[in-house]
Amino acid sequence: MDRIRLVGGTALDGTVRIGGAKNAALALMPVSLLTDQTVSLTNCPDLADIRTMAALLEHMGVGVSLNDATSSAGRVVDLNAGSLKDTTAPYDLVRRMRASILVLGPLVARHGQARVSLPGGCAIGTRPVDLHLKALEALGAEIDLREGYVHARVKGRLKGARFEFPKVTVGGTENALMAAVLAEGETLLDNVAREPEIIDLGRCLQSMGADIEGLGTPTLRVRGVASLSGTRHAVVPDRIETGTYALAAAITRGRLTLTGTRLELVESLVDHLRRAGVRVNRADGGLEVDARGAPVVGVDVITEPFPGFPTDMQAQWMALMATAEGASMITENIFENRFMHVPELMRMGADINIHGGSAIVRGVSRLSGAPVMATDLRASVCLVLAGLAAEGETIVNRVYHLDRGYECLEAKLAACGAQVERLSDRKPA
Ligand SMILES: CC(=O)N[C@H]1[C@@H](OP(=O)(O)OP(=O)(O)OC[C@H]2O[C@@H](n3ccc(=O)[nH]c3=O)[C@H](O)[C@@H]2O)O[C@H](CO)[C@@H](O)[C@@H]1O
Ligand SMILES: C=C(OP(=O)(O)O)C(=O)O
């Protein structure tokens with residue numbers, strides 16, 4: 001298994017190009033199941049999760065072509081579900097990636113049936129999908145759970161309905177929206193997620209002919225249409241990748257220009273960074289993060305649905321706070337088990353105490369390098385950030401987590417001065 005080796009202590013300086021958002025692309029790829037015409041996604045990131053979604057769709061008979069990122073449109077993925085042969089998402093693919101559940105809504109909306117393996121829990125929490133299923137039931141789908149699978153079916157078309165999510169859910173909103181666009185009549189979805197990835201999904205659906213109002217607000221009004229056309233759509237920039245590199249600049253007390261992204265996508269993080277003493281400004285085609293010469297001070301964080309501070313940035317923020325002046329409290333509100341990085345940060349010399357859903361972090365003057373590993377994507381990248389700032393050598397194990405969400409991580413960091421390399425155990429062919 002590959003590992004990442006870092007020697008910390010270099011202030012990063014340079015430019016990082018931010019890619020398309022993993023979490024947007026994972027919702028946009030299943031959109032192809034809603035039409036028999038081609039859906040082309042530009043600015044698509046080249047990540048393990050994208051290849052897993054491609055494999056899942058191919059298993060169903062969707063034609064998928066992943067084109068290399070040679071054009072100005074970045075990597076382009078063409079998807080065509082004109083000759084679907086299977087409406088099953090098997091356990092072997094779903095267990096590799098929870099976002100596989102996002103095929104459920106489109107399958108039942110256009111094909112009247114779906115059999116999708118239940119994703120189960122994961123390292124960060126139990127992560128039920130009950131609200132995905134309740135929303136689809138409200139639209140008239142008959143749902144049955146058997147042998148670890150969700151069996152969904154509808155006679156004729158789904159029917160527009162009103163559904164209020166008792167809790168904000170990103171995936172639940174995406175599934176309900178993709179189902180509602182082909183339902184008969186009007187659907188009102190209340191208390192929906194407002195993440196940029198939802199807006200991106202909505203815009204893509206609109207470009208295919210869907211009638212959606214309220215994107216970016218807590219209520220979506222959808223008037224169902226009989227069919228949708230193909231489209232060409234650019235995936236929104238990855239706000240979590242943006243935030244992660246912003247924190248790479250901050251934790252090394254360096255300076256990075258982030259291109260291909262937008263400050264609006266990371267406003268809550270930018271607000272926290274500025275309060276911590278880091279300068280963040282708009283730059284041509286992105287933003288500039290400058291922490292040179294500034295003492296970084298402790299700032300509390302509470303994770304919340306967008307536009308609040310993202311749970312997917314919590315671990316990275318903790319790495320920064322571990323090196324800040326003073327104490328800070330980090331409260332995780334979205335997932336019940338998202339502090340798995342804490343013991344590893346402590347092995348690197350961080351001073352952290354957990355009290356229920358909050359962690360008190362007292363900054364230390366210097367972390368020290370160590371062999372570490374994490375059980376999920378953002379926890380892993382938080383250890384990379386810690387390693388960039390630590391004295392001496394850090395080896396981050398289980399790099400496959402990083403490959404789910406960060407394209408060319410070590411190359412992007414190395415180009416800005418980081419001492420980082422991938423150690424591969426694979427023997428050359
Ligand atoms: C592929 C993708 O886009 N993943 C993101 C998505 O995950 P995902 O869509 O799985 O996250 P949700 O927004 O659905 O989860 C939010 C909370 O709602 C709970 N819940 C969710 C659905 C449900 O049916 N019942 C229920 O109780 C979850 O357990 C969690 O506590 O949003 C999360 C929250 O911003 C991010 O951390 C993930 O990176
Ligand atoms: C939690 C994440 O992804 P997923 O929902 O696919 O597990 C993430 O991107 O941080």
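Just follow the structure's listing: the first ligand is 1, and inside any ligand the first atom is 1. Small disclaimer: the values here were computed from a predicted structure and weren't measured.
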Identify all side-chain donor-acceptor contacts of residues 141-148 below 3.5 Å with residues at least two apart in sequence or on another chain.
from   : atom 1 : to     : atom 2 : distance (Å)
Asp144 : OD2    : Arg146 : NE     : 2.8
Asp144 : OD2    : Arg146 : NH2    : 3.1
Arg146 : NH2    : His151 : ND1    : 3.4

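- With a 4.0 Å cut-off on non-hydrogen atoms, Arg338 touches ligand 1 through its side chain and not its backbone.
- Not a single donor-acceptor pair under 3.5 Å links the side chain of Thr35 to the backbone N or O of Ser32.
- With respect to atom 25 (N) of ligand 1, the closest heavy atom belonging to the protein is Asp130 OD1, 2.7 Å.
- In this structure, the protein non-hydrogen atom closest to atom 13 (O) of ligand 1 is Val170 N, 2.7 Å.
- Contact annotation: for Thr311 versus ligand 1, heavy atoms closer than 4.0 Å belong to the side chain alone.
- Scanning all protein heavy atoms for the shortest distance to atom 24 (O) of ligand 1 gives Leu131 N, 2.7 Å.
- Residue-level proximity to ligand 1 for Glu197 is absent, since no heavy atom of it falls below 4.0 angstrom.
- One side chain, Asp2 or Ser424, offers a donor N or O that lies under 3.5 Å from an acceptor on the other.
- Of all protein heavy atoms, the one closest to atom 28 (C) of ligand 1 is Phe335 CE2, 4.1 Å.
- Considering only non-hydrogen protein atoms, atom 18 (O) of ligand 1 sits nearest to Lys167 CE, 3.6 Å.
- Ligand-side atoms of ligand 1 in range of Gly171: 9 (O), 14 (O), range being under 4.0 angstrom from any heavy atom.
- With salt bridges taken as basic N to acidic carboxylate O contacts below 4.0 Å, none links Asp92 and Arg96.
- When hydrogens are left out, the protein atom nearest atom 14 (O) of ligand 1 is Thr169 OG1, 2.7 Å; that is the closest non-hydrogen contact.
- Close approach of ligand 2 to Asn23 (heavy-atom distance below 4.0 Å) involves ligand atoms 9 (O).
- Using a 4.5 Å cut-off on side-chain heavy atoms (C-beta onward), Leu215 and Gln206 make contact.
- Polar contact check, Arg404 against ligand 2: a nitrogen or oxygen pair lies under 3.5 Å apart.
- In the candidate list Arg338, Met97, Met313, Arg338 is nearest to atom 1 (C) of ligand 2, counting heavy atoms.
- In the displayed structure, Ile302 atom CD1 is contacted under 6.0 Å by at most 12 heavy atoms of other residues, nucleotides or ligands.
- Taking every non-hydrogen atom of Asp312 and a distance limit under 4.0 Å, the qualifying atoms of ligand 1 come out as 36 (C), 37 (O), 38 (C), 39 (O).
- With Pro128, Ala25, Ala21 as candidates, the residue nearest to atom 23 (C) of ligand 1 on a non-hydrogen basis is Pro128.
- We find that Glu344 and Arg347 are joined by a salt bridge, their nearest charged nitrogen and carboxylate oxygen being less than 4.0 Å apart.
- Looking at Ile334 against ligand 1, both its backbone and its side chain come within 4.0 Å, counting heavy atoms.
- For CZ of Arg127, the number of neighbouring non-hydrogen atoms (other residues, nucleotides, ligands) closer than 6.0 Å is greater than 12.
- Paired with Asp312 under the rule salt bridge (Lys or Arg N to Asp or Glu O under 4.0 Å), one option of Arg239, Lys22, Arg338 passes, and it is Arg338.
- Looking at Ser229 and Gln37, their side chains never bring a donor and an acceptor atom within 3.5 Å of each other.
- Annotation: Arg98 places no N or O atom under 3.5 Å from an N or O atom of ligand 2; distance criterion only.
- Of the inter-residue distances, the one linking Met348 atom CE with Thr394 atom OG1 reads 3.5 Å to the nearest 0.5 angstrom.
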Determine, stepwise, if the pair Thr219 / Asp190 fulfils side chain to side chain donor-acceptor pair (under 3.5 Å).
-> CA-CA 5 Å; Thr219 301; Asp190 284 323; 2.9 Å; yes
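- Each of the atoms 23 (C), 24 (O) of ligand 1 lies under 4.0 Å from some heavy atom of Val129.
- Ion pair Glu241/Lys412 flagged as a salt bridge, since at least one NZ, NE, NH1 or NH2 atom sits closer than 4.0 Å to an Asp/Glu carboxylate oxygen.
- The shell of residues lying under 4.0 angstrom from ligand 2, judged by heavy atoms, excludes Gln314.
- The protein heavy atom nearest to atom 1 (C) of ligand 1 is Asn23 OD1, 3.3 Å.
- Using 4.0 Å as the threshold, Lys22 has a heavy atom nearer than that to some atom of ligand 2.
- The closest heavy-atom contact to atom 9 (O) of ligand 2, among the options His401, Arg127, Arg378, comes from Arg378.
- For Arg404, the salt bridge (charged side-chain N to carboxylate O under 4.0 Å, His left out) partners two or more places apart in sequence, or in a different chain, are Asp49.
- Of the protein's non-hydrogen atoms, the one nearest atom 8 (P) of ligand 1 is Arg127 NH2, 3.6 Å.
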